[in-house]
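Here's the structure, in structure tokens; my notes come after.
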Amino acid sequence: MLKATLRSFLAHKGRLALSALAVILSVAFVAGSLIFSDTVTRTFDRLFASTSADVTVAPKEDLDEAVPSGQTPTLPASLKERVAGVSGVADAHIDVSVDNITIVDRDNESVGPTTGAPTVATNWYPTDRSPVELTSGHVPRGDGQAMIDADTADKKDVEIGDTLTVLARPGSFKVEVVGIATFTTTNPGAALVFLDTASAQRELLGSTKAATSISVTADDGVSDTALKRRVGAELGSGYDLETADEQAESAASELGGFLDVIKYVMLGFAGVAVLVGIFLIVNTFSMLIAQRTRELGLLRALGADRRQVRRSVLVEALLLGLVGATLGLAAGIGLALGLIELMGLLGMNLKSTEMVIGWATPVASYVVGVGVTFVAAYLPARRAAHVSPMAALADAEIAGVGRPLKVRAVAGALVGAAGAAALVGCATAEKTSSAASLLGLGIVLTLIATVIAGPLLVRPVIRVLGGAFPAVFGSVGRMSQRNALRNPRRTGATAAALMVGLALVGGLSVASASMTKSFDRQIDRTLGADFVVQNSNFMPFSSEITGKVEKTEGAGLVVRQRFTPIELALPDGKNVESTAAGYDPRLDDVAKVTYAQGSSRDALAPGRIGMDVDFAKKHGVRVGDTLPATFPGGRESKLTVGALTDQDSPEGFGVEGGLFLGFGTVEKYVPDGQDSALYVNAAPGTDADTLRAHLDTSLDPYPQVQVRDQADYKELIRQQIAVMLYLVYALLGLAIVIAVLGVVNTLALSVVERTREIGLLRAIGLGRRQLRRMIRLESVVIAVFGALLGLALGMVWGVAVQQVLALQGMKELAFPWTTIVAVVIGSVVVGLAAALLPALRASRMNVLAAIAHE
């Protein structure tokens with residue numbers, strides 16, 4: 001049996017190659033994501049471990065920032081002297097490091113990275129743990145001098161002697177580049193500018209008495225833990241102290257979020273490849289077993305029992321899985337190398353020579369590769385085991401052409417009903433968490449139900465889709481339609497591979513179109529200003545920019561917005577940390593706010609606060625209640641609830657409560673914050689276009705700042721949602737590639753299965769061109785069937801997703817009809833492409849050899 005199995009595997013290796021591609025793709029994404037994330041993690045672990053001080057003293061973090069407020073937490077620089085006097089301290093120095101800055105060249109072009117990595121300004125203090133070393137020029141020695149990193153200098157064509165402008169919180173200042181430093185470790189992609197310590201304190205923090213942290217070096221023989229304990233005893237509990245290991249772990253956890261995004265995206269690709277690949281492998285093995293009915297019958301007649309036949313088929317699957325997993329692991333290594341190179345282009349200079357392939361990578365690769373093929377081949381293997389020895393004497397087939405589909409109908413109906421119930425429950429749920437759980441359950445169950453019941457839909461749907469074929473293409477069209485109807489199970493399984501990807505696209509396309517329409521409606525309802533001035537990355541900006549806007553010719557009313565972390569003690573006994581927005585008094589002139597109780601005047605008065613009415617009801621808050629509030633730095637106050645809003649707006653930024661208060665209150669308790677946005681109306685006699693031109697001129701030296709109107713905001717939202725769609729389309733592309741392989745495989749095996757039939761058709765006059773057309777039409781009708789099934793399922797999912805989004809304020813439902821029509825047209829193209837090789841092969845058959853084929 002082993003010899004027979006190996007010979008059978010080698011005899012069908014060409015037919016199994018397309019199935020192996022699905023396994024290879026699945027394993028490649030799993031292996032590539034694990035290798036890449038392990039490599040980045042190991043690289044940055046080394047970076048953090050080699051550059052962290054033995055002990056770091058930092059300001060105590062009291063409130064989390066859901067939205068950036070522009071504050072730079074500091075501590076007194078004089079603490080350095082106290083720390084230096086602690087027993088066991090070899091050295092202590094102050095650190096000044098800020099990343100809420102922008103650096104521009106003489107052409108007002110940004111010198112910082114455009115990939116989302118920060119631009120960091122810091123003081124130069126050379127130690128053996130510095131991540132850079134001076135390689136050209138000299139270090140900064142006073143006011144107006146700076147050193148930058150070599151990677152930024154190369155990318156932005158900055159040379160020694162060039163003048164740069166640094167836009168910091170206290171204001172902008174110019175520096176001359178006097179030195180260039182090269183990274184001795186991995187460059188995480190950031191742009192670094194170094195100043196001497198006194199200049200950094202004054203220009204970046206606004207005071208030479210402040211620092212952002214203190215780095216402490218231990219004496220020989222003193223452990224980091226012991227040093228941390230001694231320094232903590234000296235300073236008390238008002239500061240955060242971390243050892244080198246703790247700081248490295250903290251930095252690594254922050255990086256973990258970035259890595260998780262990449263890892264989960266790639267594992268998403270792997271999941272789609274696995275799911276679609278299962279349909280392909282099931283179909284391939286089912287057809288191969290159907291074609292080998294007589295062979296299996298002979299094995300049974302010669303004495304092989306059912307277990308041996310089943311084991312023989314599963315061994316073939318395991319061999320396919322082993323080959324696919326091995327090649328997939330190699331492809332995964334190549335994929336990881338490609339990602340490392342891509343990160344290099346984005347500024348993160350990883351070394352391919354330091355690639356990490358942990359033991360978990362090959363284990364996961366072979367578990368996925370072998371597991372997928374084993375699971376997919378199990379049902380065909382069981383079917384093979386039921387081949388009777390008498391099948392050797394007949395031209396039998398066990399593909400199940402004539403078997404009733406009653407079991408599928410019952411199972412599909414039950415699972416579909418459960419899935420529909422879950423989706424209905426999702427649509428009627430009042431909490432986002434329960435709605436999301438029901439949505440996930442409903443999607444899984446309806447997908448399974450559609451796969452189970454797919455063959456039941458083949459005959460009625462394809463009769464409609466191919467109804468015009470006989471009239472348009474004559475007997476060739478009639479035969480192509482009947483070929484697609486001949487085996488509903490096979491047609492359903494082939495179409496299911498394409499259905500999965502298109503259902504995903506259909507669902508998320510409806511969700512994204514609904515999100516876009518909801519945001520457009522909300523912008524129309526709430527934004528009343530002519531223009532909004534914001535940083536392109538929504539980070540706060542300095543008061544210098546506010547002053548420029550206020551002095552711009554044609555600018556009338558300017559309303560400032562500033563965010564601050566806040567903690568409220570609520571009547572129900574809960575303390576909620578959130579972010580509050582501060583506004584100037586004339587908010588109603590630039591925004592359309594809907595109130596359930598009170599007004600903007602009530603909410604923005606000194607010592608008052610406004611909040612969302614739903615948040616207030618949840619926590620038992622009423623207008624007039626006085627709530628204890630805590631601001632950054634431990635500043636405490638008591639705020640009176642002045643108004644409740646009923647905006648019915650999409651929630652964002654992870655902000656809870658819709659809290660807002662007067663600008664004066666924010667400045668009182670958070671004096672060192674920065675503005676996040678400016679709402680600007682044109683002065684009387686100035687039209688909007690003229691004001692925009694003047695604003696663009698005023699803000700030309702600040703390339704990080706954007707001037708937006710309603711149309712710009714809507715376009716910005718569309719671009720952000722498009723990023724999600726690009727990922728979906730990439731998943732669609734992968735699913736289509738594998739689905740095309742499935743259609744090709746099905747048609748190729750079908751051609752082999754129908755060799756004698758094709759020979760007879762050729763013998764009675766069917767031309768080669770007609771034969772190719774017949775196979776192409778069969779392929780197209782299968783692809784369109786899969787597309788329609790997927791889109792119908794996806795649109796149901798999309799409506800359910802929109803119901804979940806409605807709980808977050810996005811209540812508009814929209815269908816992207818252009819995308820839907822494009823997908824249907826694209827499925828026709830997919831069908832034509834998939835049929836090219838099988839049709840060509842069929843048309844080149846020798847007629848007599850085909851007739852004699854058994």
Side-chain angles (χ1 to χ4, degrees), residues 65 67-71 100-102 104 108 110 167-172 522-524 526-564 579-593 600 603-604 610 649 652-653 655 659-668 670-684 686-717:
E65 285 193 352
V67 180
S69 64
Q71 294 175 276
N100 56 343
I101 65 163
T102 302
V104 298
N108 290 332
S110 176
L167 310 173
R169 183 182 64 82
S172 62
Q522 187 61 26
I523 290 170
D524 290 336
T526 60
L527 183 59
D530 292 333
F531 298 102
V532 181
V533 177
Q534 280 180 312
N535 255 338
S536 55
N537 58 1
F538 300 104
M539 293 294 289
F541 46 78
S542 71
S543 57
E544 179 179 330
I545 292 174
T546 302
K548 285 281 188 180
V549 171
E550 290 175 337
K551 295 176 182 178
T552 297
E553 182 183 353
L557 175 65
V558 177
V559 173
R560 297 168 294 174
Q561 179 191 60
R562 182 177 295 183
F563 290 106
T564 177
T579 297
Y583 295 100
D584 280 320
R586 294 179 62 184
L587 175 63
D588 289 340
D589 292 331
V590 295
K592 305 167 187 175
V593 187
S600 294
L604 302 181
S649 60
F653 303 109
V655 177
L659 307 177
F660 66 107
L661 30 76
F663 202 90
T665 304
V666 174
E667 282 191 308
K668 178 179 178 180
V670 192
D672 55 348
Q674 290 181 287
D675 297 341
S676 294
L678 302 174
Y679 297 87
V680 187
N681 280 344
T686 303
D687 61 78
D689 290 339
T690 302
L691 175 58
R692 180 159 202 160
H694 290 161
L695 285 172
D696 287 340
T697 301
S698 296
L699 298 175
D700 184 59
Y702 310 96
Q704 80 277 24
V705 176
Q706 303 290 323
V707 179
R708 300 186 178 103
D709 58 13
Q710 281 194 358
D712 296 325
Y713 256 108
K714 291 177 180 178
E715 181 59 29
L716 180 66
I717 295 295

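In what follows, residues are counted from 1 in the order of the sequence shown. Keep in mind it's a predicted model, so treat the numbers as computed, not measured.
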Side chains of [X] and [Y] in contact at under 4.5 Å (non-hydrogen atoms):
X	Y	result
Val705	Val533	yes
Gln704	Ile545	yes
Leu678	Phe541	yes
Ser676	Gln534	no
Ile523	Ile717	yes
Asp524	Lys714	yes

Which pair of heavy atoms, one from [X] and one from [Y], lies closest together, and at what distance?
X	Y	answer
Ala529	Asn681	CA-OD1, 3.3 Å
Arg586	Val559	O-CG2, 3.6 Å
Thr102	Ser110	CG2-OG, 4.4 Å
Leu604	Pro585	CD1-O, 3.8 Å
Leu691	Thr686	N-CG2, 4.0 Å
Ser600	Leu587	OG-CD2, 4.3 Å

- Within the distance-only criterion (no hydrogens, no angle test), does the side chain of Gln71 pair as donor or acceptor with the backbone N or O of Val670 below 3.5 angstrom? no
- Message: Quick one: does any side-chain atom of Asp712 pair with a main-chain N or O of Asp709 as donor and acceptor, under 3.5 Å?
- Response: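 At least one qualifying donor-acceptor pair exists.
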Rounded to the nearest 0.5 Å, what separation is found between the [atom1] atom of [X] and the [atom2] atom of [Y]?
X	Y	atom1	atom2	answer
Phe531	Gln710	CZ	CD	11.0 Å
Gln706	Asn535	CD	CG	8.5 Å
Arg708	Leu695	CZ	CG	13.5 Å
Ser542	Ile101	OG	CD1	12.0 Å

- Mind running side chain to side chain contact (heavy atoms under 4.5 Å, CB included) on Leu557 and Val590 for me, showing each step along the way? CA-CA 8 Å; Leu557 175 65; Val590 295; 4.0 Å; yes
- Item | Heavy-atom neighbours of Lys668 NZ exceed 12 at 6.0 Å | no
- Task: Look at atom CD of Glu553 and say whether more than 12 heavy atoms of other residues, nucleotides or ligands are closer to it than 6.0 Å.
- Result: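 At most 12 heavy atoms, drawn from other residues, nucleotides or ligands, come within 6.0 Å of this atom.
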- Who pairs with Asp672 by salt bridge (Lys or Arg N to Asp or Glu O under 4.0 Å), at least two apart in sequence or on another chain? none
- Residues which pass salt bridge (Lys or Arg N to Asp or Glu O under 4.0 Å) with Asp675, listed by chain and number, not counting sequence neighbours: Arg562
- Test item: side-chain donor near acceptor, Gln522 and Tyr713, under 3.5 Å: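 Checked: Gln522/Tyr713 side chains show no N/O donor-acceptor pair below 3.5 Å.
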- Do the rings of Tyr679 and Tyr583 sit parallel, tilted or perpendicular, given the 30° and 60° boundaries?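 Because their plane-to-plane angle lies in the 30° to 60° range, the rings of Tyr679 and Tyr583 count as tilted.
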- Ion pair check, Arg692 and Asp530, cut-off under 4.0 Å: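 Not counted as a salt bridge, because no side-chain N and carboxylate O are separated by less than 4.0 Å.
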